[in-house]
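See below for the structure under consideration.
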Amino acid sequence: MTGYLASLCGGLLIGLSAISYLILTGRIAGISGIVGRLAGGHAVFVNGAFVIGLVIGPFLYAQAFGAWPTVTLVASTPLLVLAGLLVGIGARMGSGCTSGHGVLGLARLSPRSMVAVATFLASGIATVTLLRIIG
Amino acid sequence: MSIDLRQPLAALGCGALFAFGLSLSGMLDPARVKAFLDLFGAWDPSLAFVLGGAVSVAMAGMVLVRSMARPVLDESFQIPQSRVIDRPLVLGSAVFGIGWGLGGICPGPALAALSLGLMPVAVCVLAMIAGMVIHDRFLSGRV
């Protein structure tokens, strides 16, 4: 399965995961929240298990489809460090990222999440456009 | 005291399903994510299909959530109730977007991509965790 259909099906599974986590544990499956709480030593078992699951997922995909998902790095390692720092700081400051705000926040019609998604889409597009101009 | 393993097991399963979905969607690939943000260049709309699919399922599931008095494995739902658009929300999201655009990575795909064993991804994840800790220790409540 390739192209937009694969993207749509993958998205459906992501949504199923996020809503299942909410129905089962009562918590929002926001990855930055889960990792941040884990780094802060809160609810280590549950948050740690989610992160281990995240790392296992692509293994299961490789088993099912006979090939690993493609990962093409688009930045040098120093730039990836800067990107990682900004993503980490920004996600915690903004109380969420593409999963918490993007998936569940929009599904809940949360006004905060709508503003967050519009803001990080705008600054992401601005950043890539700027890179295109100066690159 | 016995440790209730049901919540960690639920988290493990949901995490695996989440990353399986990410893998299928193509969004483990920073090049595809960056191409979505390259609106004025070689735009790839795939991420919109991913987000659309995910939000549709989650929105349908929210109907069930609203009918439940409590989650299956805990006493109460912990859903954010704030509706205040404040400075940390906007500034943080803007900073997040810059990092997202620079590297084509965000927390979920970055962690899932660790399974491929690429050193730059691991370094990026460490930087991301460092960023979270820096925020929680030094910046939280000061923006």
Side-chain angles (χ1 to χ4, degrees), chain A residues 4 7-8 10-17 19 21 24 26-27 31-32 36 39 45-46 49-50 53-58 60-61 69-72 74-75 77 80-81 83-94 97-98 103 106-107 111 115-116 119-120 123-125 127-129 132, chain B residues 7-8 10-12 14-21 23-25 28-31 34 37-39 41 46 49-50 53-55 57-59 61 71-74 77-78 85 88 92-104 106-108 111-113 115 120 124 127-128 131-132 135:
Chain A
Y4 300 146
S7 292
L8 181 64
L12 295 175
L13 294 181
I14 292 167
L16 184 64
S17 158
I19 201 67
Y21 191 66
L24 291 169
R27 292 179 181 82
I31 310 299
S32 55
F45 278 120
V46 177
F50 196 102
L54 279 180
V55 179
I56 291 173
L60 301 178
Y61 175 87
T70 307
V71 174
T72 320
V74 295
T77 301
L80 281 176
V81 169
L85 276 172
L86 294 174
V87 163
I89 291 171
R92 292 299 282 170
M93 189 183 292
C97 58
T98 30
V103 178
L106 294 186
V115 169
T119 306
F120 61 61
S123 75
I125 289 168
T127 302
V128 172
T129 303
R132 171 171 283 279
Chain B
Q7 278 206 22
L12 185 73
C14 289
L17 181 62
F18 198 100
F20 187 96
S23 303
L24 180 60
S25 76
L28 223 52
D29 192 353
K34 195 177 174 186
L37 297 172
D38 198 6
L39 195 60
S46 298
F49 286 86
V50 182
V55 171
V57 173
M59 202 174 258
V72 178
L73 301 177
D74 211 335
F77 283 103
Q78 294 174 31
I85 311 296
S93 298
V95 169
F96 173 85
I98 295 170
W100 195 32
L102 281 179
C106 54
L111 285 165
S115 56
C124 182
M128 186 180 85
M132 290 177 175
H135 171 267

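L24(A) and P71(B) make their closest contact through O-CB, 3.7 Å (heavy atoms, listed as atom of the first residue, atom of the second, distance). Heavy atoms only, all atoms of each residue included: S25(B) and V50(B) are closest at CB-CG2, 3.6 Å. Across all non-hydrogen atoms, the minimal contact from G101(B) to L37(B) is CA-CD1, 3.8 Å. Q7(B) and L73(B) make their closest contact through NE2-O, 3.0 Å (heavy atoms, listed as atom of the first residue, atom of the second, distance).
Each of V115(A), L16(A), I14(A), L106(A) has some count of heavy-atom pairs under 4.5 Å with chain B, and the biggest count is that of I14(A). Chosen from A94(B), S46(B), G97(B), the residue pairing most often with chain A at heavy-atom distances under 4.5 Å is G97(B). Highest contact tally toward chain B, considering only G53(A), A91(A), P69(A), is held by G53(A) [criterion: heavy-atom pairs under 4.5 Å]. For chain A, the option among A10(B), A113(B), G41(B) with the highest count of heavy-atom pairs below 4.5 Å is G41(B). Contact count against chain B (heavy-atom pairs under 4.5 Å) is highest for V71(A) among V71(A), V103(A), T77(A). Counting heavy-atom pairs under 4.5 Å between each of G36(A), G94(A), A39(A) and chain B puts G94(A) at the top. Among the candidates C97(A), A116(A), A107(A), A75(A), the residue making the largest number of heavy-atom pairs closer than 4.5 Å to chain B is A107(A). Here A49(A) is the residue among P111(A), A49(A), S32(A) with the most heavy-atom pairs under 4.5 Å with chain B. Top candidate by heavy-atom pairs under 4.5 Å with chain A, chosen from G61(B), C14(B), G103(B), is C14(B). Between chain A and the options A31(B), G92(B), C106(B), heavy-atom pairs under 4.5 Å are most frequent for G92(B). Of the listed residues (S23(B), C124(B), G104(B), G108(B)), the greatest number of heavy-atom pairs within a distance under 4.5 Å of chain A belongs to S23(B).
For D38(B), the side chain to side chain donor-acceptor pair (under 3.5 Å) partners two or more places apart in sequence, or in a different chain, are R132(A). With sequence neighbours excluded, no residue satisfies side chain to side chain donor-acceptor pair (under 3.5 Å) with T129(A).
No side-chain heavy atom of W100(B) sits less than 4.5 Å from a side-chain heavy atom of T127(A).
From I31(A), atom CD1 reaches atom CG of L54(A) across 5.0 Å, with rounding to the nearest 0.5 Å.
Within the 3.5 Å criterion, the main-chain N or O of L13(A) finds no donor-acceptor partner in the side chain of S17(A).
Contacts between V81(A) and chain B at a heavy-atom distance below 4.5 Å involve backbone atoms as well as side-chain atoms. In this structure, chain B has heavy atoms under 4.5 Å from both the backbone and the side chain of T72(A).
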